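Notes to accompany the following structure.
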Amino acid sequence: MLLNVQQIADLIPNRYPIAWIDGVMDFIPDQSITAFKNVTINERFIQGRKDEKVVPNIFLIEMLAQAASILILKSPKFAHKTAYLGGIHSARFKRSVEPGEKIELSILLTKVRENMGVVDCTAAVGEEEICHAQLLFVVSPEEPAVD
């Protein structure tokens, strides 16, 4: 593992209960990242569901966005800034994710212009692609306040 939960917390502002990345397995600066999330039955978004015990699709998008934020903020150009999800250009969901599954999040940086860009994102369980999305991001021009 290249980055653990604490190292991720040092990069992005997301904290419990909205920190969704458990680790980073592969990273190529300014190009791509592969991160993962282990889904457990104890997740708040699963505990709150009375029907199916699955990950809501919006949380898959948030996981992809957080993985993309790590890629973006590890770039020297955007170090010590904050990245925001600017939009979802497209998103396709193929199946639900259940507790006990490990989601692999693959992000490819496809375009950067000044403080904005586009990432192509894929979420998979094992070899099976479960979601593909193209996300737009914006990076704040100012550094975040120190605690």
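Quick caveat, the model's predicted, so the values are computed rather than measured.
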How many angstroms lie between [atom1] in [X] and [atom2] in [Y], if you round to the nearest 0.5 Å?
X	Y	atom1	atom2	result
Arg92	Cys131	CZ	SG	10.5 Å
Leu11	Gln66	CG	CD	12.0 Å
Ile130	Glu104	CD1	CD	10.5 Å
Asn57	Glu62	CG	CD	13.5 Å

Exercise. Between Glu43 and Lys37, is there a side-chain N and carboxylate O pair less than 4.0 Å apart?
Worked result: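 Lys37 and Glu43: salt-bridged.
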Exercise. Between Lys53 and Glu98, is the closest basic N to carboxylate O distance under 4.0 Å?
Worked result: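 Between Lys53 and Glu98 there is no salt bridge, as every charged N stays at least 4.0 Å from the carboxylate O atoms.
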For this session: For the pair Phe137 and Phe78, name the ring-plane relationship: parallel under 30°, tilted 30 to 60°, perpendicular over 60°.
Result: perpendicular
Please report the shortest heavy-atom distance between [X] and [Y], naming the atom on each side.
X	Y	result
His132	Thr122	CD2-OG1, 3.2 Å
Ser69	Ile12	CB-CG2, 3.7 Å
Val39	Ile103	CG2-CD1, 3.6 Å
Ala91	Ile61	CB-CD1, 4.0 Å
Leu73	Lys81	CD2-O, 3.5 Å
Val119	Ala68	CG2-CB, 3.9 Å

For this session: Answer yes or no: is there a side-chain heavy-atom contact under 4.5 Å between Thr34 and Ser106?
Result: yes
Exercise. Taking the side chain as C-beta and beyond, is there a heavy-atom pair between Ile88 and Leu136 under 4.5 Å?
Worked result: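 Contact flag for Ile88/Leu136 side chains = no.
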Single-linkage hydrophobic cluster, 4.5 Å side-chain cutoff, [X] and [Y] together:
X	Y	result
Tyr84	Val112	no
Ile8	Leu85	yes
Phe93	Phe59	yes
Leu64	Val125	yes
Ile58	Val97	yes

Problem set entry | Stepwise side chain to side chain contact (heavy atoms under 4.5 Å, CB included) test for Val139 and Ile72 | CA-CA 8 Å; Val139 177; Ile72 294 158; 3.6 Å; yes
Donor-acceptor pairs are to be reported for all side-chain atoms of residues 17-33 against protein atoms at under 3.5 Å, with residues two or more places apart or in another chain.
from, atom 1, to, atom 2, distance (Å)
Asp22, OD2, Asn38, N, 2.7
Asp30, OD1, Ser75, OG, 2.7

Problem set entry | Trace of the side chain to side chain contact (heavy atoms under 4.5 Å, CB included) decision for Val118 with Leu135 | CA-CA 6 Å; Val118 177; Leu135 306 179; over 6 Å; no
Problem set entry | side chain to side chain contact (heavy atoms under 4.5 Å, CB included) assessment of Phe36 paired with Leu105 | CA-CA 6 Å; Phe36 67 93; Leu105 308 156; 6.0 Å; no
Exercise. Is atom NZ of Lys111 surrounded by more than 12 heavy atoms (other residues, nucleotides or ligands) closer than 6.0 Å?
Worked result: no
For this session: Say whether, by atom type as modelled, one donor and one acceptor occur between the side chain of Arg95 and the main chain of Glu129 under 3.5 angstrom.
Result: no
